[in-house]
Amino acid sequence: MSSIGTGYDLGLFFSPDGRLFQAEYAYKAVENGSTCIGIKCKDGVILALEKVVTSKLLKPRANPRIGSVGRHVGIATTGFIPDGMHILKRARDEANAWRDNYGSAIPGSVMADRIGNYVQLFTCYSSVRPFGVMSFVAAYDDQGPHLYMIEPNGVYWGYNGISAGKGRQIARNELEKLDFSTLKMKDAVKEAARVIYATHDEEHNKDHEIEMTWVGEETNGIHTAVPDELLQEAEAYARRTVEGGEDEDVPMNE
């Protein structure tokens, strides 16, 4: 039975073969989004996102797509951008509610669970639609680093490395080559930049920039943007590795 014209793809209810078309359409929105990756290393977590520069009038490094939730949790989203901003706001509300009730920072696993439950609610009612974003949750607490990805249907998984967006398959192939048990944060920054560069579609000839944040021992457990100097060095390393450019003499800080 074709989904087009039957009505099964117009509302949030199952088709005769058990498919939820509105949720599947949300996954398609994610597939058209910017490449986003997460890396959980030995001492922290890295979030990185490719942002295509659609206009020369845009201010460089402005318009962030990765946000902090409290001090120790960061969230990155890719897909339908307004949905991502809403998810970030909801996460901040959850963090504030937890602190008000328990007097402590919300654990990363609880944040992933609460956002996952919230996202899943939007697959249950015909008056709403699923969120067209993948959400990456990075956290660092007493139990160490945590990385989760929340899908448009509300399910969430813990990962060592994960990707979503247009270049997700290439990124996953590159991430599978990493040894997460020995990888340190500064090295993970370089690898994250390399993976983003490897997924960039040169055919479209559009400028792009990398937004990257980290949380872990290097940041005293605080989620923050990767320093500009370190990010620039990582991008130079990525160009040398992926493109074989002219930056071979640019040193990387150890």
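Just the heavy atoms: all of them, side chains too, but no hydrogens, waters or symmetry mates, feed the values below.
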Notebook entry, point to check: Does the distance from a Lys or Arg side-chain N to an Asp or Glu carboxylate O, for Arg90 and Asp93, drop under 4.0 Å?
Noted result: no
Checklist line | Counterpart residues, ring-ring contact (aromatic ring centres under 6.0 Å, His included), relative to Phe122 (two or more places apart) | finding: Tyr118, Phe131
Note to self: Using the side chain to side chain donor-acceptor pair (under 3.5 Å) criterion, which residues pair with Asp179? Sequence neighbours excluded.
What the structure shows: Ser181, Thr182
Next item on the list: Spell out, as yes or no, whether a donor-acceptor pair under 3.5 Å connects the side chain of Asp187 to the backbone of Leu183.
Entry: no
Checklist line | Those residues that, when tested against His223, pass side chain to side chain donor-acceptor pair (under 3.5 Å) (two or more places apart) | finding: Ser68, Thr213
Next item on the list: Could you state whether Ile66 and Val30 fall into the same hydrophobic cluster, counting links through intermediate Ile, Leu, Val, Met, Phe, Trp or Tyr residues with side-chain heavy atoms under 4.5 angstrom apart?
Entry: yes
Checklist line | Asn153 side chain reached by Val119 side chain, heavy atoms, under 4.5 Å | finding: no
Next item on the list: Identify the two heavy atoms, one from Gly84 and one from Thr77, that lie closest to each other, and give their separation to 0.1 Å.
Entry: CA-OG1, 3.3 Å
Note to self: Can you see whether Glu151 engages Tyr27 through a side-chain donor-acceptor pair at a distance of less than 3.5 angstrom?
What the structure shows: yes
Item checked: ring-ring contact (aromatic ring centres under 6.0 Å, His included) partners for Tyr125, two or more places apart -> none
Item checked: Non-neighbouring partners of Lys51 that pass salt bridge (Lys or Arg N to Asp or Glu O under 4.0 Å), sequence neighbours left out -> Glu209, Glu211
Item checked: Atom of Pro152, atom of Thr123 and distance for their closest heavy-atom approach -> O-CG2, 3.9 Å
Margin query: Please check this pair: side chain of Arg92 against backbone of Lys89, looking for a donor-acceptor N/O pair closer than 3.5 Å.
Written below: no
Margin query: Side-chain heavy atoms nearer than 4.5 Å, only ILVMFWY residues, links allowed to pass through others: does that put Met85 and Phe136 together?
Written below: no
Notebook entry, point to check: So, Tyr197 versus His208, ring centres under 6.0 angstrom or not?
Noted result: yes
Notebook entry, point to check: Backbone N or O of Thr199 within a donor-acceptor pair of the Thr35 side chain at under 3.5 Å?
Noted result: no
Let me have the donor-acceptor pairs involving side chains of residues 36-49, under 3.5 Å, with sequence neighbours excluded, atom names and distances please.
residue: Asp43; atom: OD1; partner: Met185; partner atom: N; Å: 3.1

Notebook entry, point to check: Taking all non-hydrogen atoms of both residues, which atom of Glu50 and which atom of Ser34 are closest, and how far apart?
Noted result: O-CB, 2.9 Å
Next item on the list: Taking all non-hydrogen atoms of both residues into account, name the closest pair between Val133 and Phe80 and its distance.
Entry: CG1-O, 3.2 Å
Notebook entry, point to check: What pairs with Gln169 under side chain to side chain donor-acceptor pair (under 3.5 Å), at least two apart in sequence or on another chain?
Noted result: Asn173
Notebook entry, point to check: For Ser109, does its backbone N or O pair with a side-chain atom of Asp113 as donor and acceptor, under 3.5 Å?
Noted result: no
Note to self: Hydrophobic clustering (ILVMFWY, side-chain heavy atoms < 4.5 Å, transitive) - are Trp98 and Val73 grouped together?
What the structure shows: yes
Item checked: side chain to side chain donor-acceptor pair (under 3.5 Å) against Asn32, all qualifying residues, sequence neighbours excluded -> none
Next item on the list: Check the angle between the aromatic planes of Tyr148 and His146 and answer parallel, tilted or perpendicular using the 30° and 60° thresholds.
Entry: parallel
Check: Can Leu88 be reached from Val137 by stepping across I, L, V, M, F, W or Y side chains whose heavy atoms are under 4.5 Å apart?
Finding: yes
Margin query: Is the shortest side-chain heavy-atom distance between Ile210 and Glu235 below 4.5 Å?
Written below: yes
Next item on the list: To the nearest 0.5 angstrom, please state how far the CG atom of Leu12 sits from the OG atom of Ser126.
Entry: 7.0 Å
Check: So does Glu174 pair up with Arg194, basic N to acidic O under 4.0 Å?
Finding: yes
Notebook entry, point to check: How far does CZ of Phe14 sit from CZ of Phe21, to the nearest 0.5 angstrom?
Noted result: 11.5 Å
Notebook entry, point to check: Can you tell me how far the CD atom of Glu191 sits from the CZ atom of Phe180, to the nearest 0.5 Å?
Noted result: 9.5 Å
Next item on the list: Please name all residues satisfying salt bridge (Lys or Arg N to Asp or Glu O under 4.0 Å) with Lys184, sequence neighbours left out, ordered by chain then number.
Entry: none
Checklist line | From CG (Leu57) to NZ (Lys59), nearest 0.5 Å | finding: 14.0 Å
Next item on the list: Group every Ile, Leu, Val, Met, Phe, Trp and Tyr by side-chain heavy-atom contacts under 4.5 Å, then state whether Val189 and Val215 land in the same group.
Entry: no
Next item on the list: Applying salt bridge (charged side-chain N to carboxylate O under 4.0 Å, His left out), run through Glu31 and Lys166 and close with a yes or a no.
Entry: CA-CA 5 Å; Glu31 291 176 6; Lys166 289 182 179 180; over 6 Å; no
Check: Looking at CG of Leu231 and CD of Glu233, how far apart are the two atoms once the value is rounded to the nearest 0.5 Å?
Finding: 10.0 Å
Checklist line | Any side-chain donor near an acceptor of the partner, Asp141 and His72, under 3.5 Å | finding: no
Checklist line | Hydrophobic cluster of Ile222, others only, ordered by chain and residue number, side-chain cut-off 4.5 Å | finding: none
Check: Listed by chain and number, what are the salt bridge (Lys or Arg N to Asp or Glu O under 4.0 Å) partners of Arg114, not counting sequence neighbours?
Finding: Glu94
Notebook entry, point to check: Which pairs, with at least one residue in residues 127-138 and sequence neighbours excluded, count as a salt bridge (charged side-chain N to carboxylate O under 4.0 Å, His left out)?
Noted result: Asp83-Arg129
